[in-house]
Structures are given as structure tokens and as C-alpha cells.
Amino acid sequence: MKDIVPAPPPIVRDDAAAIQALFQQNVMPTYGRFDLVLSHGAGSFVYDVAGKRYLDLGGGIAVNTLGHAHPAIIEAMVEQARKFIHVSNLYYHEPQGRLARALVNLIGPGKCFFCNSGAEANEGLFKLARKFGHEEGRFEILTTLNSFHGRTLAGIAATGQDKVKKGFEPMMAGFRHLPYNDLEAMRAAVSPATAAILVEGIQGEGGVTPASVEYLLGLRRLCDEKRLLLLMDGVQDGHFRTGRFQSFQRLLEGAPGGEAFLPDGLSMAKSLGGGFPMGAFWARGPYADLLGAGSHATTYGGSPLACAVALKILEVIERERLADNARQVGATLKTGLDELARKFPGVIRQVRGLGLMVGFELAPEIRNLPGDPAKTQALRFVNLLHTAGLLTIPAGAQVIRLLPPLNLRPIEAQEGLRILGEVCSQAA
Ligand code: PLP
């Protein structure tokens with residue numbers, strides 16, 4: 001694997017307070033931000049404006065596929081920008097065509113639509129489902145409790161978590177939520193209005209919970225039987241994070257019938273662009289032409305620049321065997337966390353996940369967790385990790401996620417585990 005040596009921090013000016021003041025005065029307070037002001041990154045590390053180094057195992061919430069400031073991405077961006085950054089989707093250009101072909105080859109026969117984010121990719125799937133059911137008056141999409149599908153109005157209606165909906169009611173009609181991994185509940189919920197089922201292969205924001213083999217295969221059978229579209233949200237768990245292109249491919253490895261499993265639609269974003277904002281959705285052959293000319297569009301979708309970056313990321317993943325790396329280094333992280341859970345049962349209750357999508361659930365009442373008790377344990381634990389030089393991502397009140405770059409090196413995983421061990425022993 002290509003060595004990524006973190007660059008030395010430049011001479012820094014600690015203007016954290018001034019930068020935070022700019023936010024307080026001018027940026028909407030939609031995010032609960034941590035008290036960190038970052039300056040730059042290199043590989044799996046970021047630096048704050050005071051020059052402190054952090055190992056970034058959060059990966060921008062599963063976005064920074066190749067880490068920070070990867071030379072191949074920089075080169076691809078510059079090279080493409082010299083030709084053109086944007087042309088309208090009124091015209092053809094090579095990078096979009098090549099990227100669509102690459103994604104189709106990785107998923108299965110079908111076609112892609114390009115957009116700019118995960119929420120927008122899911123919006124595309126919702127419209128595909130509406131179009132599919134339209135002539136028969138079917139419009140409803142069944143999703144799962146604890147799911148997350150984005151922050152647009154349809155995204156929060158699809159999401160199975162009340163906290164994202166609060167204050168934005170009435171919710172857009174046409175979504176119902178069923179318990180995850182409960183096939184019988186899903187079967188019982190199908191109504192004459194149902195057009196599609198949407199699930200994540202591994203629930204990310206919901207706390208890193210993988211779907212069972214029986215659930216995925218059962219949903220496929222149910223959708224075939226009832227003529228429903230099976231839609232998968234691969235925004236967070238996709239793009240080789242689990243060791244295969246999509247998590248369902250990894251989850252179903254070795255299961256009878258698993259290799260033949262294919263959803264009817266799939267949304268992608270995050271790692272697809274490695275930090276360059278990008279989303280896409282794919283629809284299986286029979287449904288790939290449902291959204292005809294004039295039915296769906298977005299100005300920036302599949303721009304030459306975004307596609308050049310995404311193509312370069314795919315090239316590096318293949319050349320450097322990063323799917324295998326995600327599998328192996330992910331296993332190191334999981335094994336190390338399992339050991340910490342055994343050693344510190346009062347701190348870590350359970351470890352879940354696959355490849356480089358790993359979550360650990362905190363014990364109900366950790367003894368020595370400093371910070372405002374009004375804040376969740378997950379937030380307070382993440383703060384402790386920051387002090388120790390490690391970035392991670394909370395999921396809900398009790399779970400902490402590791403979603404690092406796919407080129408995370410074994411030695412970096414070991415450093416992360418060492419810091420986690422130190423913080424566990426402090427909190428125990
Ligand atoms: N779907 C899933 C599974 C996600 O995890 C996310 C974001 O966390 C989204 C959709 C929304 O993606 P975006 O924030 O790019 O709109």
C-alpha cells in the first residue's frame with residue numbers, strides 16, 4: 001500500500017476563538033459542534049489550529065475514502081479542472097459515462113443517476129418508487145425504525161428516528177417504519193398502497209447494526225412476491241468499507257443464494273467522492289429507464305470534476321487492494337475493541353460492525369466520565385478521545401463509530417486502539 005506520511009504541521013496561528021466567533025455570528029447553529037478548530041490534514045491525521053495532531057478514525061463520517069490530501073485525488077482534480085469543472089447535463093462528457101459504467105460493473109446490470117449528496121440520492125430512489133407504483137396508485141415506501149436516510153423533507157419522513165422530525169411536522173405522507181431485522185413485521189405491513197421497501201445493509205446513524213442474512217434474503221423474496229421494489233441505502237456502509245463494494249455483498253458472503261442477491265435500487269454518496277460532494281443512485285435493468293427525460297434532474301449532478309475524482313478513487317482502491325485492507329485492518333480494530341470490552345466491561349458493552357465500519361456501545365453508566373451530565377455518554381466519551389488525540393463519531397446516545405479511510409494502516413489502527421485503551425482505563 002502506498003505510504004502516506006503525514007506532513008509536518010505548518011507554522012500555525014492559534015486563532016480558534018476568532019474562528020469560533022465567526023461561526024457564532026454568521027453560521028446557523030444547526031450542528032452541535034465539538035470544541036475543535038481544524039486546520040489541515042494528511043493521510044489519516046488532522047491538525048488543529050494550535051498544531052495538535054489527531055488520528056482521524058471518523059473519516060468525515062465515512063467520507064474521506066483515501067484520507068486527507070491524497071496526492072492522487074489532488075492530481076485528478078487539478079488535471080480535470082484544467083479541462084473543465086462543470087458542463088450542463090444537457091451535454092455528454094466522458095467522466096460521467098465512465099463512472100456510470102464502473103458502478104454498474106460493481107453492482108449489476110442497470111443504470112445510474114448522479115447527484116450531490118446522500119439525501120439527494122435517496123430522493124431519487126423515492127421518485128423511482130413513486131413512478132414505479134404510479135399507474136396502480138401505489139406510493140408507499142416501508143422503511144425501518146432507527147434508520148437514517150437524510151435531512152430533506154422526504155429524507156426525514158423516511159428516517160425511522162423521531163429526533164430528526166421534531167418541529168417539522170406534518171411529515172410528508174407515504175412512509176411507514178417497521179422494526180429492523182424483523183421480516184414478519186415487514187411482511188405484515190405491506191398494504192395495497194406499498195410500492196417499495198428501503199433498508200440500510202448496516203444501520204449507521206442508528207448505531208452500527210448489521211442486517212441478518214435471513215432478513216436480506218427474506219426481503220428480496222417478499223419484494224418479488226408482492227411486486228415491490230427493494231431499495232438499499234448504501235450511503236454510509238458502501239464503497240468497499242466492509243470489504244466488498246456494498247455491505248449486502250459482504251453480509252451475504254457464503255450464504256446460499258447470497259451471491260445472486262441484488263436490490264432494485266441503491267443509493268450512494270459519502271466515500272464515492274472521498275470528500276468531493278457527490279451522490280448517485282443505481283436502478284436495476286428493468287427499472288433503469290423509469291425516470292425518463294424531464295422527470296428528474298440536478299444542475300451539478302455527475303460533473304466532470306466529481307466524476308474524475310470518483311474514478312480516481314476507484315482506481316486507487318483497486319490498485320492498492322483497499323477492499324482487502326478494509327477487511328484486514330477492520331478485523332484488527334474489531335478484535336482490539338473486543339479485547340477492550342472484555343477488559344473494561346464497565347465502559348464498553350458491545351462491539352459491532354464489519355470491515356472499517358465499527359461501532360462500540362458504551363456501558364449504561366460509566367463510572368468516570370467527565371463532562372456535562374446533561375450531555376450523552378457518547379458525546380462525553382468522544383470529548384475524552386479528542387483530548388487524547390483521536391477523532392471518532394458518536395451514533396445516538398450510547399454508540400461510538402469508527403469510519404476511517406480505507407487506506408488506514410495497521411500501525412495507525414494500533415495507535416487508535418492504544419488511545420482507546422488509555423481512555424477506557426481512565427473512564428473505568
Ligand atoms: N443515508 C445514510 C445511511 C446516511 O448515513 C446519511 C448520512 O449520514 C444519509 C443518507 C444522508 O447523506 P447526506 O448527509 O450526504 O445527505
Side-chain angles (χ1 to χ4, degrees), residues 28 30-33 58-65 113-129 141 143-161 163-165 168 172 175 177 180 196-211 216 230-242 245-248 250-251 263 265-282 298 300-302 306 309-310 352-359 378 392-396 399-404:
M28 287 190 190
T30 56
Y31 301 98
R33 294 180 200 268
I61 322 187
V63 168
N64 299 316
T65 333
F113 175 92
F114 292 100
C115 52
N116 310 285
S117 70
E120 211 189 328
N122 284 333
E123 288 279 343
L125 291 183
F126 305 150
K127 284 181 75 174
L128 184 80
I141 301 172
T143 75
T144 60
L145 292 173
N146 261 337
S147 60
F148 185 81
H149 300 297
R151 295 286 193 152
T152 57
L153 276 178
I156 60 174
T159 292
Q161 302 191 48
K163 67 180 182 195
V164 305
K165 304 173 196 265
F168 300 108
M172 188 185 146
F175 293 95
H177 312 96
Y180 192 58
I197 293 174
L198 170 68
V199 294
E200 293 157 87
I202 303 176
Q203 287 189 333
E205 300 300 310
V208 190
T209 312
L216 288 177
L230 177 58
L231 308 176
M232 299 212 53
D233 181 335
V235 167
Q236 185 164 149
D237 61 3
H239 225 70
F240 298 104
R241 181 154 296 282
T242 58
F245 182 58
Q246 290 299 317
S247 68
F248 62 79
R250 174 78 203 267
L251 288 162
L266 169 74
S267 56
M268 296 162 264
K270 290 189 180 277
S271 293
L272 176 64
F276 195 92
M278 174 159 218
F281 70 95
W282 164 95
T298 180
Y300 296 118
V309 169
R352 299 190 286 267
L354 270 179
L356 288 174
M357 181 169 187
V358 185
T392 58
I393 311 283
V399 176
I400 291 175
R401 278 173 291 173
L402 309 182
L403 301 159

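Since we're looking at a predicted model, the values are computed, not measured. Indexing begins at 1, ligand by ligand and atom by atom, following the structure's order. Only heavy atoms go into these numbers, but all of them, side chains included; no hydrogens, no water, no symmetry mates.
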Under 3.5 Å: donor-acceptor pair, side chain of Y180, backbone of A211: yes

T298 and N116: side chain donor to acceptor below 3.5 Å: yes

Student check: side-chain heavy atoms of M268 and F281 closer than 4.5 Å: no

Set of residues satisfying side chain to side chain contact (heavy atoms under 4.5 Å, CB included) with respect to A158, sequence neighbours excluded: F126, T143, H149, F175

All pairs passing salt bridge (charged side-chain N to carboxylate O under 4.0 Å, His left out) where residues 196-208 contributes a residue, at least two apart: E205-R401

Residue list, side chain to side chain donor-acceptor pair (under 3.5 Å) with T392, at least two apart or on another chain: none

Contact residues of ligand 1 (heavy atom under 4.0 Å), by chain and number: S117, G118, A119, N122, F148, H149, G150, E200, E205, D233, V235, Q236, K270

